[in-house]
Amino acid sequence: MAPDPRPNRESKLMPSARVLIVPVTPFQQNCTLLWCEATKHAVVIDPGGDLPMIEQAIARVRVMVTQIWLTHGHIDHAGGAAALKERLGVPIQGPHRGDLFLLESLADTGRGLGIEEARDVIPDRWLDEGDQVAIGELVFKVLHVPGHSPGSVAFFNAAQRFAVVGDALFQGSIGRTDLPRGDHAQLIASIKDKLLPLGDDVAFTCGHGPGSTMALERVSNPFLR
Ligand SMILES: [Zn+2]
Ligand SMILES: [Zn+2]
């Protein structure tokens, strides 16, 4: 078949994103390998642990990891970040500074839970509401979504109608707020004021279990009635 002579504007306007989920740690946290198809540059979001599994996934899809992003400071999300940063030589972005108290006690927390490899970590860049992070041609807006933890953030790519929400929102559920400095009312406000308004058509991946869409959660999530 002859190649289509028309310029493919859409592919330039909507650079494609690809995602591979790697469940890690005893908490089966969804470590997310996300990359830009155009450049093959990738980010590892929430490398909580089980680094060999993450590195196998990176090798399998043949991408170049250039960054690590953290949605929040809990051990299942951040416990492996320091070691992965060392192994890959890439910077860590996020979460919001409100989770410093979690990030500087990861090794202690790990000893209590039998996750001996967890290490304390300080990110190269704290993130705040309105900041941007980018991987290849994909630009994500940072949303500060406290409640599950004070420093939780979500990443939103407007062009792809796609978000990574950490433990703020799940399919049919919401994040725990019984952990240190959790706040139920604040979490509900974060979801209703920042995540749902991104749009019904926005799909998301989250820290545990299957992803969903804002539309589905708006109408059926029992915690948001
Ligand atoms: Zn968490
Ligand atoms: Zn989690």
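Values in this document were obtained by computation on a predicted structure and should not be read as measured data. First listed ligand is number 1; within each ligand, the first listed atom is number 1.
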Looking at the Zn ion (ligand 2), is there an N, O or S atom belonging to His77 that lies under 2.8 Å away from it?
yes
When you draw lines from the Zn ion (ligand 1) to NE2 of His148 and to NE2 of His72, what angle lies between them, to the nearest 10°?
100°
Tell me which N, O or S atom from His74 is the closest to the Zn ion (ligand 1).
ND1
How large, to 10°, is the angle at the Zn ion (ligand 2) when you draw lines to OD2 on Asp76 and to OD2 on Asp167?
160°
What distance do Glu37 atom CD and Glu137 atom CD have between them, rounded to the nearest 0.5 Å?
11.0 Å
Angle class for the His77/His208 ring planes (parallel below 30°, perpendicular above 60°, tilted otherwise)?
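Geometry flag for His208 against His77: perpendicular rings.
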Measure the shortest side-chain to side-chain distance between Leu70 and Asp46 over non-hydrogen atoms and say whether it is less than 4.5 angstrom.
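Heavy-atom side-chain distance check passes, below 4.5 Å.
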Is there side-chain contact between Gln67 and Gln93, with heavy atoms separated by less than 4.5 Å?
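Heavy-atom side-chain distance check passes, below 4.5 Å.
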